[in-house]
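All remarks here apply to the structure that follows.
Quick note on labels: first sequence line is chain A, next is B, and so on, each numbered from 1.
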Amino acid sequence: MPDLVPALPEIFLAVMSMALLMAGVFQKEENAGRSVSYLAIATLVVTIAIVGVVADGRASTFGGAFVTDGFAVYVKVLILIATAAAVLMSREYLERHGIFRFEFPVLMVLAALGMLMMVSANDLISLYLGIELQSLSLYVIASFQRDTTRSAEAGLKYFVLGALSSGLLLYGISLVYGFSGSTNFDALAQLFQAGQSPLGVTVGIVFIIAGLAFKVSAVPFHMWTPDVYEGAPTPVTAFFAVAPKIAAMALFVRVMVGAFGDLGDQWQQVIIFISIASMVLGAFAAINQTNIKRLMAYSSIGHMGYALIGLAVAGGAGNAEARADGVSGILIYLAIYMFMNIGAFACILQMRRNGRMVEGIGDLAGLSKSNPAMAVVLATFMFSMAGIPPLAGFFGKLYIFLAAIEAELFALAIIGVLASVVGAFYYLRIVKVMYFDAPEEGFDGPVSMEMKAVLVVTGVVTLFFFVWPLPILAGAGLATAALLPG
Amino acid sequence: MYLAAVFLPLLGGIVAGLLSFVPDGGDKDRKHRIDRAGQLVTVAGMLLAAVAALITFIGVAGGGNTDNVEIFTWIASGSLELSWELRADTLAAVMVLMVTVVSSMIHIYSIGYMSHDGSIPRFQSYLSLFSFFMLMLVTSNNLVQLFFGWEGVGLMSYLLIGFWYDRPSANAAAIKAFVVNRVGDFGFALGIFATFMLFDTINFDTIFGLAEQKKDATLNVFSGEFHALTVICLLLFVGAMGKSAQIGLHTWLPDAMEGPTPVSALIHAATMVTAGVFMVARLSPLFEYSDVALTVVTVVGGTTAIFAATIGCVQNDIKRVIAYSTCSQLGYMFFALGVSAYSAGIFHLITHAFFKALLFLGSGSVIHAMSDEQDMRKMGGLYKLIPVTYVMMWVGSLALAGIWPFAGFFSKDIVLEAAWGAHTVVGQYAFWVGILAAFLTAFYSWRLLLMTFHGEPRADEVTMAHVHESPKVMLIPLAVLAIGAVFAGWLGFDWFVGEKTVEFWGNSIFVLESHRALENAHHSPLWVKFLPLVVGILGIALAYLMYMFAPGLPHALASGFQRTHRFLLNKWYFDELYDRIFVKPCFKLGRGFWKAGDGQLIDGVGPDGVAATVLSLARRAGALQSGFLYHYAFAMLLGVAALVSWFLVTGG
């Protein structure tokens, strides 16, 4: 009997998802969605508590396939917060569109379970299991609004391309296993300590990178992102933009640094390439977008590009301090990214006119007149994403760029800064549209309580991060120490 | 006392300035009360300052109380140390007395002159602030405080010339004055830097103490060795030329007559324009060691004196005539300084302040009476209608022309005798052009008097019917200034330049033993002493001949010597010349930078070019997103293939 305590949060979540399913089945249909939704949120909150309680140094179980450490705890908390927020934000939308079925929160919980598995994976097999559990849930909720073609198309595209990426990933895993004889991260790290690897492993790593790059929607594996973001129901997009990105990025870091850390010379170049490609494409392609969800898709591609700078830094052999800064830079970036994006999507979810959702950037025109409070909040998020000090987004970029400079990856830092200048254009354009364009008709009111709560919390964090950054900085520091001991 | 003399005007200026912001709510009585308060506080401040200045003057010049008043340390940075400090010596005290007395008279006069204006507190505030800056200038004990006052008066001059800011011509004149003065100030600032470089301090006492040691020092400028003190003095003199409207940098002064007449009297006749003269006198310990600089000062002064006088003879605007006269008289002061007769220069400065302020205020009274008409061709026959003003103008003109026993006689004579007494070529030059200018001075003064007050009235009947003597509040200051114009000369002569001159000036003016112009002046031949008076009377006679007895003569002369006349009327074409040389090319250059440099190059390549590139890149990036699943899958596989190839080539 393996030690179950390290996996307690996952076990709890798994059991609860079954229980939620039962709770949904045995309720009247009209209020099943709502009650299960609240139960799901409660479950996620309790899970956060359990994650905190069982956190006690590094512990592995299931024959070393599952590990929990400071890194996992930090990322899991972020994922659970993001998932809970996504469930909270989806209620109103789903109710209005008549698709508030209890399966939706259950699927979200299952996706969260998959993500937690990913974060705790310490073996290529458990990694794959986690990814698949997460992905299958996501495919379904992408097409949750199944009577609209756009949503169905989004789900289908996501599924087909996701399957392809899974195939690439599995192929890479099999190559690595075939040439090294192990799938365990610790064993692999031991094996490649000298920095040498057989050719097959090298090719395998490239395939694994391709598979994971798909999950974080890094160029050139990003193509699904704009279409799926646009087609999926908005709360789903909000969820996609945050929790899976965090989980995939954390997994990315754990695989590359944990298992193949000493092979950094080999994969660092690839990460640098996809990082630059993502930043540049995220900056340029967003400029012509008129749909705000597509714009957010490119924005998230760009953001992942910035986060990947940290991974590139972490791949640099030798300078241990810079590597640590790279990893903690990613973790800080992800936390700030989460708050900014949840807030921005909470605003986008308010874009409802005459009972219908609108998604055009032009629909925001004159928001400062019709709904000044929301304009201020959205402007805050946009400024933050553009990286204007003293907002949180600025610090996220700052730590990343500092790490890159410390690691002497100057080209990367310079391209990053330039891309963020170009990127600032489309964020600021939204502000311009809201404040200087001739007013459109106002959006439907009123803003529900839960949305207000989400907006206030994310807005405060974004605006006042610089006042008390310690919780996030200290958490990221602990998580980094767990991943990179010594 | 000294502090009170300097800072009461500041206090009055600030209070009046604040009053100008008090809303009157459209209530006439309320506005009237605010105006009254503004006038009261500034006039009271100036009068008290004048009293304090008188007490200070008696203390300093009479009792030898030469303790400087240090207010507080201003800058202490490395070896650069300076304080806000009031220097107590005769030169400063004389200037303080003159400034406060003239300024308080003009403050009082302004009550009457500006009575119909809409922003009285603002005007009074400017006047008081100007007086404060002027006092800071003359009392400074280091070059930086001097520069502070210098720029302060420049600023107030700008604001006062453009006081009627709804007139485009006033704004243009204000800008012109400011810009031309910047040229001079550039030289002044360079001079301060050079002084600091040479002496490692800018405090007067230290500089003056070290001047003799440094008399042979050289400065390396543009890889050439130059006599350091000459460089410094010439640079500082450029500043003086700007402020005191000497030839070349004089063009702003006539245009500055766009300001209200009290401003012309205070700033552009009595005080600010003499700052350059004061500065050279103040720095006499430096100028004394540079013969080149003194020569330049003499030549520039003499040339300005004759040049401005010739123009003054043909101008038709009553204020412009006096403005050119001021320019010319400043030239006298400068060549007095240039022959090392600093005390004579300052003496002329003081007497000139009285009679020139008197003339300006008198002309203001005329303009006031004529319903703001300034063209003398439209005046005439006024003497019966405004007799007091007429008398005052006579007094001022007699003083200006240097007729005994009026003030100008004493000061102008000593200046000219000193030029003679210098026994140098440039001294001779200055003397003879001075004599000629004296002739012209008398001529244009009486031309002004005769054209304005005598002959047939040339104004329309409405204006003539409206002509009235000015109120007492304007006439009393005229009377006070007239007393100065009559008596300042023979009262001051002994002290300033006569027997008691050494004990009077103390150590505030320094003259080398070898420079004996002032000594020689007292022993010059009789014809030298009488020549200025004679040419003055001749000038008056000529004016009578041309404008009283043979009124056809001026016109005949003008058409007979058309080119000369046009040359003078157009002020030696200085403005046109500058326009051609500096202004037009500047505009062209600016337009070039704007259109070609900024518009095409920077905007084109920079913002616009980058924007266009970004847009086209964005369009291409967007085009990648075809929406077809197989495209996406193909891109992914292509990506993997590329990455693997790259890996194998580089990493593996």
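Of all residues in residues 292-309 of chain A, those placing a non-hydrogen atom less than 4.5 angstrom from a non-hydrogen atom of chain B are A:Arg294, A:Tyr298.
Residue B:Leu638 holds its CG atom at 9.5 Å from CZ of A:Phe221, rounded to the nearest 0.5 Å. Note that CG of B:Leu617 is 8.5 Å distant from CD1 of A:Ile287, once rounded to the nearest 0.5 Å. Between the OG1 atom of A:Thr225 and the CD atom of B:Gln625 there is a distance of 8.0 Å, given to the nearest 0.5 Å.
The choice from A:Leu156, A:Val206, A:Ile205 that makes the most heavy-atom pairs within less than 4.5 Å of chain B is A:Val206. When A:Trp267, A:Phe425, A:Phe284, A:Phe214 are compared by the number of non-hydrogen pairs under 4.5 Å with chain B, A:Phe284 comes out ahead.
Heavy atoms of A:Leu161 lying under 4.5 Å from chain B belong to its backbone as well as its side chain. Only the side chain of A:Leu168 has a heavy atom closer than 4.5 Å to any heavy atom of chain B. When heavy atoms are compared at a cutoff of 4.5 Å, B:Leu615 approaches chain A by way of both its backbone and its side chain.
Counted within 6.0 Å of OH on A:Tyr177, heavy atoms from surrounding residues, nucleotides or ligands total 12 or fewer; the atom is thus considered open. Dense packing is recorded around CZ of B:Phe147, with more than 12 heavy atoms of other residues, nucleotides or ligands lying under 6.0 Å away. With a 6.0 Å radius and a threshold of 12 heavy atoms from other residues, nucleotides or ligands, A:Arg146 has its CZ atom at or below the threshold. More than 12 heavy atoms of other residues, nucleotides or ligands lie within 6.0 Å of OH in A:Tyr139, so this atom counts as buried by the packing criterion. The 12-atom threshold is not exceeded at OH of A:Tyr171, counting heavy atoms of other residues, nucleotides or ligands nearer than 6.0 Å. Within a 6.0 Å sphere centred on CZ of B:Arg591, other residues, nucleotides and ligands contribute 12 heavy atoms or fewer.
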Worked check of side-chain contact (heavy atoms from CB on, under 4.5 Å) between A:Asp227 and B:Tyr632: CA-CA 11 Å; A:Asp227 291 11; B:Tyr632 296 179; 2.5 Å; yes

Check against side-chain contact (heavy atoms from CB on, under 4.5 Å), B:Leu637 and A:Leu164: CA-CA 9 Å; B:Leu637 292 176; A:Leu164 179 60; 4.3 Å; yes

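Using a 4.5 Å heavy-atom cutoff, the side chains of B:Met636 and A:Pro220 are not in contact. By the 4.5 Å heavy-atom criterion applied to side chains, A:Phe207 and B:Leu643 are not counted as neighbours.
Of all heavy-atom pairs between A:Phe273 and B:Trp646, the closest is CB-CZ3, 3.3 Å. The shortest non-hydrogen separation linking A:Lys157 to B:Gly627 is NZ-O, 2.9 Å.
Sorted by first and then second residue, the salt bridge (charged side-chain N to carboxylate O under 4.0 Å, His left out) pairs involving residues 194-222 of chain A (not counting sequence neighbours) form an empty list.
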